[in-house]
Amino acid sequence: MTATTLLQSDLHDTAQWETSPLDLDAYLARIDYRGSLAPTLDTLRDLQRAHLAAVPFENLEIATGGEIRLDLESLQDKLVRRRRGGYCHEQNTLFGTVLDRLGFVVEGRSARILMGDAASKVTPLGHTILNVTVAGRQWLVDVGVGNVGPREPISLEEGVEVRHGRWEYRLERSPLGYWLLRHRRHDGWFNLYQFSDEPYYRADFEEQNYLVSHHPASPFVRRIVAQHNGAEERLALTDLELKVFRPGEAPELRRIDADALPQVLRERFGLVLAPEQETALLRRAKSLAEMSSEGEQLGT
C-alpha cells in the first residue's frame with residue numbers, strides 16, 4: 001500500500017511534505033506565476049515551466065563553503081527570499097511541497113542518474129524526482145535535473161514520446177526493469193536516469209543530500225556548477241566552461257575568465273551572491289586547474 005492509498009491523517013509527519021510553514025504567496029511571486037491554482041494538469045504544466053524559468057540549478061553554496069539544508073525554512077530562505085537556485089534535492093522538495101499545498105497528490109521518487117551511460121548499468125540512487133497523480137493518471141515531474149530535464153510533466157506510460165517546445169523526451173523500460181527517461185540531443189537519444197515506482201521520503205532525500213554535498217568524489221563538491229533549463233536555449237556552467245545548448249545543435253563552448261564569473265552568474269543565470277560568498281567563489285575559481293567538464297554527471 002502506497003502513501004496515495006492512505007488518508008492524509010493516517011500518515012506520520014515524516015511521510016508527508018512539510019507543507020504548513022510554506023509561504024505560498026512568496027513562492028508564486030518568486031516564479032512570477034499568476035495563473036490558476038486548481039490542481040489540474042494545465043496548472044501543473046504552467047507551474048513547472050514558471051519554476052524552471054525563474055530558479056536555476058546550482059551548487060554555489062557548496063562551492064563557497066556553505067551547507068545545503070532541506071528543511072522548508074532553509075529552502076524558502078535560499079530559493080525564495082534570497083532568489084538563489086539549487087540542485088534536485090532542494091528544488092523538487094520545495095516544488096513537491098508547493099504541489100501538496102495546492103491539492104495535488106504528489107509522492108517522492110529516487111532515480112539512478114545515467115547521463116549517457118548504458119541503461120544496463122547500475123548507478124546509485126541519488127536523484128530526487130516527483131510522481132504526481134492528476135485525474136487518476138500518474139506523471140513524472142522533475143524541476144531539478146539541470147539544463148537537460150523535462151520542462152513539462154511526462155505521462156508514466158511505456159513508450160510515450162513527447163515534445164516540450166523543441167526539446168524531445170521518451171519514457172521507456174530499461175533492461176533492469178526501471179522506468180528510463182531519455183532526451184533527444186543533436187547526436188541521438190541520451191539516457192538521463194532510471195527509477196522505480198517505490199515512494200521515497202524527505203528522510204531519504206536528506207541522506208542523499210548529505211552524501212552528494214560532502215563526498216569528495218561528488219561533482220558538486222569538486223566543481224562550480226550553474227545551469228538553466230530554458231525554452232529555447234539551455235546553459236551549463238562547469239568551473240570556467242560555459243556551454244550553450246540549442247535544440248538539434250551541437251553545444252557551443254565558451255571559456256570564461258575567473259574574474260568574469262560573478263558577472264556571468266548575474267547576467268546569464270540571475271544569481272547574485274552575498275559579498276563574502278562572491279569573494280570565496282572568486283578565490284576558488286582562480287585556483288582552478290585547467291580541466292574539462294566532459295564526462296561529469298552534471299547534465300552537460
Side-chain angles (χ1 to χ4, degrees), residues 17-18 21-33 47-99 127-128 130 142-149 151 202 205-206 208-210 212-214 218-230 234-240 242 256 260-285 298-300:
W17 300 98
E18 194 184 0
L22 177 69
D23 187 341
L24 181 60
D25 290 341
Y27 171 80
L28 296 174
R30 168 72 172 98
I31 66 170
D32 194 26
Y33 182 80
L47 282 168
Q48 184 170 352
R49 290 173 178 164
H51 181 105
L52 290 169
V55 186
F57 181 96
E58 51 108 333
N59 78 328
L60 302 181
E61 208 73 19
I62 302 170
T64 56
E67 289 283 336
I68 303 294
R69 302 186 185 279
L70 299 187
D71 62 280
L72 189 59
E73 176 53 33
S74 295
L75 292 176
Q76 292 187 119
D77 178 61
K78 183 184 176 209
L79 277 69
V80 178
R81 289 193 285 272
R82 290 194 281 137
R83 304 184 69 82
R84 288 278 304 283
Y87 54 28
C88 67
H89 308 304
E90 299 169 274
Q91 297 218 34
N92 281 317
T93 297
L94 177 61
F95 197 60
T97 304
V98 170
L99 296 180
H127 175 58
T128 295
L130 302 172
D142 188 354
V143 295
V145 69
N147 67 315
V148 295
R151 291 182 47 79
R202 288 185 287 120
F205 306 148
E206 289 276 6
Q208 293 170 2
N209 172 62
Y210 183 84
V212 78
S213 62
H214 288 82
S218 168
F220 298 107
V221 171
R222 297 188 298 109
R223 314 302 289 266
I224 297 170
V225 178
Q227 300 183 8
H228 185 257
N229 185 344
R234 293 175 167 182
L235 305 173
L237 173 75
T238 307
D239 290 339
L240 297 177
L242 178 64
I256 62 174
L261 185 57
Q263 181 180 0
V264 170
L265 291 171
R266 286 193 300 269
E267 294 180 356
R268 302 306 302 270
F269 299 92
L271 290 167
V272 179
L273 299 181
E276 64 274 13
Q277 288 183 305
E278 185 172 302
T279 299
L281 188 68
L282 280 170
R283 186 165 55 245
R284 178 163 179 172
L298 295 172
T300 61

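Just so it is clear, the values below take in all heavy atoms, side chains as well, and ignore hydrogens, waters and symmetry mates.
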Check whether any side-chain heavy atom of [X] lies under 4.5 Å from a side-chain heavy atom of [Y], and answer yes or no.
X	Y	value
Arg234	Gln227	no
Leu99	Trp17	no
Phe269	Glu58	no
Ile62	Val212	no
Leu72	Leu94	yes
Leu47	Ile31	yes

side-chain contact (heavy atoms from CB on, under 4.5 Å) between Arg284 and Thr64: does it pass, once the steps are laid out? CA-CA 8 Å; Arg284 178 163 179 172; Thr64 56; over 6 Å; no
Backbone N/O of [Y] and side chain of [X]: donor-acceptor pair under 3.5 Å:
X	Y	answer
Asp239	Ile224	yes
Glu278	Pro262	no
Asn209	Ile68	yes
Ser74	Leu70	no
Gln76	Pro21	yes
Gln91	Gly86	yes
Asn229	Leu52	no
Asn59	Phe220	yes

Shortest non-hydrogen separation from [X] to [Y] and the atoms involved:
X	Y	result
Val272	Arg84	O-CD, 4.1 Å
Gly144	Phe57	O-CE1, 3.4 Å
Gly85	Leu79	O-CD1, 3.6 Å
Pro56	Ala54	CD-O, 3.5 Å
Ala26	Val80	O-CG1, 3.6 Å

Check: Among Ile256, Leu271, Leu240, Leu235, which residue meets the side-chain contact (heavy atoms from CB on, under 4.5 Å) test with Val264?
Finding: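 The side-chain contact (heavy atoms from CB on, under 4.5 Å) with Val264 is passed solely by Ile256 among Ile256, Leu271, Leu240, Leu235.
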Next item on the list: For Arg268 and His228, run side-chain contact (heavy atoms from CB on, under 4.5 Å): C-alpha distance rounded to whole Å, both residues' side-chain angles, the deciding distance at 0.1 Å, then the answer.
Entry: CA-CA 9 Å; Arg268 302 306 302 270; His228 185 257; over 6 Å; no
Step-by-step salt bridge (charged side-chain N to carboxylate O under 4.0 Å, His left out) determination, Lys78 to Glu67
CA-CA 11 Å; Lys78 183 184 176 209; Glu67 289 283 336; over 6 Å; no
query: For Arg69, does the CZ atom sit with more than 12 other heavy atoms under 6.0 Å from it, leaving out its own atoms?
result: no
- prompt: Is the closest side-chain donor-acceptor distance between His51 and Tyr27 under 3.5 Å?
  reply: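 Note: His51 and Tyr27 side chains meet the donor-acceptor criterion.
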Out of curiosity, [X] [atom1] to [Y] [atom2], how far, rounded to the nearest 0.5 Å?
X	Y	atom1	atom2	value
Leu75	Leu22	CG	CG	10.5 Å
His127	Phe205	NE2	CZ	10.0 Å
Leu281	Leu273	CG	CG	6.0 Å

Determine, stepwise, if the pair Leu60 / Gln277 fulfils side-chain contact (heavy atoms from CB on, under 4.5 Å).
CA-CA 8 Å; Leu60 302 181; Gln277 288 183 305; over 6 Å; no
